[in-house]
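Both backbone and side-chain heavy atoms feed into the values below; hydrogens, waters and symmetry mates do not. Keep in mind that what you see is a predicted model, and the values were worked out from it rather than measured.
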Amino acid sequence: MKQGVAVLSSFDKYTTFTYNGTTLTFRTCNGLDRYTRVNLWDKGYIEVMAKYRQMDHEIEEYIDLIPVLDSLYMDKDKFLAPIKEVEIDYDRERNRKN
C-alpha cells in the first residue's frame, strides 16, 4: 500500500476503508454494487461515485468516517491526518477476504 493512500471498497452489505493496516468495516446499502470513483477526500469525508444494482447510472454518495471512528473510540485526528488520498481497489478487498 502506498504511503498516505487509503483504500475504499465494498462487499455484500458492507463498506471497507483501509489505511496502514487498520480496516474499518461498516454497513452500507443492500443494493450497492461497487464504488467507481472518489471525487473528494476531505479529512474523513468522502464524496464517491457508486453503482447500484437496480440503477443503470452511477450516483454520487457521501461517506463520513468521523461517526464511525467516534463509535470505535478511535483517535480520529491521529488516524486521518496522514491520509492524503483515497483509492478504490476491489482486488485488494478480494485478496483480504481469501
Side-chain angles (χ1 to χ4, degrees):
M1 198 175 295
K2 295 183 267 182
Q3 189 170 3
V5 178
V7 174
L8 181 70
S9 190
S10 63
F11 66 96
D12 298 327
K13 300 177 276 194
Y14 300 95
T15 291
T16 61
F17 182 87
T18 303
Y19 181 71
N20 198 27
T22 299
T23 299
L24 306 175
T25 303
F26 48 95
R27 182 84 205 269
T28 192
C29 177
N30 289 340
L32 178 66
D33 183 33
R34 66 188 300 117
Y35 296 111
T36 59
R37 185 177 72 241
V38 176
N39 295 336
L40 174 72
W41 164 252
D42 186 17
K43 302 174 192 149
Y45 181 76
I46 309 167
E47 287 181 13
V48 64
M49 297 304 290
K51 176 71 178 95
Y52 286 85
R53 286 185 277 282
Q54 63 272 28
M55 298 178 137
D56 292 333
H57 60 281
E58 297 176 357
I59 62 170
E60 191 170 62
E61 289 290 337
Y62 309 95
I63 301 169
D64 188 354
L65 294 175
I66 303 298
V68 175
L69 295 167
D70 284 344
S71 70
L72 295 170
Y73 302 100
M74 291 178 67
D75 184 336
K76 59 184 171 272
D77 295 324
K78 183 177 178 182
F79 181 75
L80 297 172
I83 302 172
K84 305 300 179 214
E85 181 182 349
V86 177
E87 294 179 348
I88 296 169
D89 190 337
Y90 280 88
D91 291 333
R92 262 186 238 167
E93 179 59 35
R94 220 174 285 115
N95 291 336
R96 187 181 73 79
K97 288 187 341 187
N98 292 334

- Task: Please assess N39 against E60 for the test side-chain contact (heavy atoms from CB on, under 4.5 Å), listing each intermediate value before the final yes or no.
- Result: CA-CA 9 Å; N39 295 336; E60 191 170 62; 3.0 Å; yes
- Does the pair Y19 and W41 meet the rule for a ring pair (Phe, Tyr, Trp, His ring centres under 6.0 Å), with working shown? CA-CA 14 Å; Y19 181 71; W41 164 252; 9.0 Å; no
- Yes or no on side-chain contact (heavy atoms from CB on, under 4.5 Å) for F17 and L69, after CA distance, side-chain angles and deciding distance? CA-CA 11 Å; F17 182 87; L69 295 167; over 6 Å; no
- Stepwise side-chain contact (heavy atoms from CB on, under 4.5 Å) check, T16 with V7: CA-CA 8 Å; T16 61; V7 174; over 6 Å; no
- Task: Show your working on side-chain contact (heavy atoms from CB on, under 4.5 Å) between I63 and F26 and close with a plain yes or no.
- Result: CA-CA 11 Å; I63 301 169; F26 48 95; 3.9 Å; yes
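Follow the hydrophobic side-chain contacts under 4.5 Å out from L40 and you never reach M49; the two are in separate clusters. Connection of Y45 to V38 is not established within any shared hydrophobic cluster, with ILVMFWY side chains joined at heavy-atom distances below 4.5 Å, either directly or through further cluster members. When the side chains of ILVMFWY residues are joined at heavy-atom separations under 4.5 Å, either directly or via intervening members, F79 and I66 end up in a single hydrophobic cluster. Linking ILVMFWY residues whenever their side-chain heavy atoms come closer than 4.5 Å, directly or via other members, leaves L80 and Y62 in distinct clusters.
In terms of heavy-atom proximity, Y52 sits nearest to E61 at OH-OE2, 2.9 Å. T36 approaches A50 most closely through the heavy-atom pair OG1-N, 4.1 Å.
Ion pairing of E87 with K2 is present here, as a side-chain N (NZ or NE/NH1/NH2) and a carboxylate O approach within less than 4.0 Å.
To the nearest 0.5 Å, the span separating CD1 on I46 from CD1 on I88 amounts to 9.0 Å. Expressed to the nearest 0.5 Å, how far CG of D12 lies from CZ of R27 amounts to 10.0 Å. Put simply, OG1 on T18 and CG on L24 are 7.5 Å apart, with the number rounded to the nearest 0.5 Å. Distance check, rounded to the nearest 0.5 Å: CD of Q3 to CG of N20 gives 8.5 Å. Here the straight-line distance linking atom CG of L72 with atom CG of L65 works out to 10.5 Å at 0.5 Å rounding.
Between the D89 side chain and the D91 main chain, a donor and an acceptor come within less than 3.5 Å of each other. A donor-acceptor contact shorter than 3.5 Å links the side chain of D75 to the backbone of K78. Listed for the K76 side chain is no donor-acceptor partner under 3.5 Å among the backbone atoms of Y73. Under a 3.5 Å cut-off, the side chain of R53 and the backbone N or O of N30 do form a donor-acceptor pair.
Residues E58 and Y35 have side chains that never bring a donor and an acceptor to within less than 3.5 angstrom of each other.
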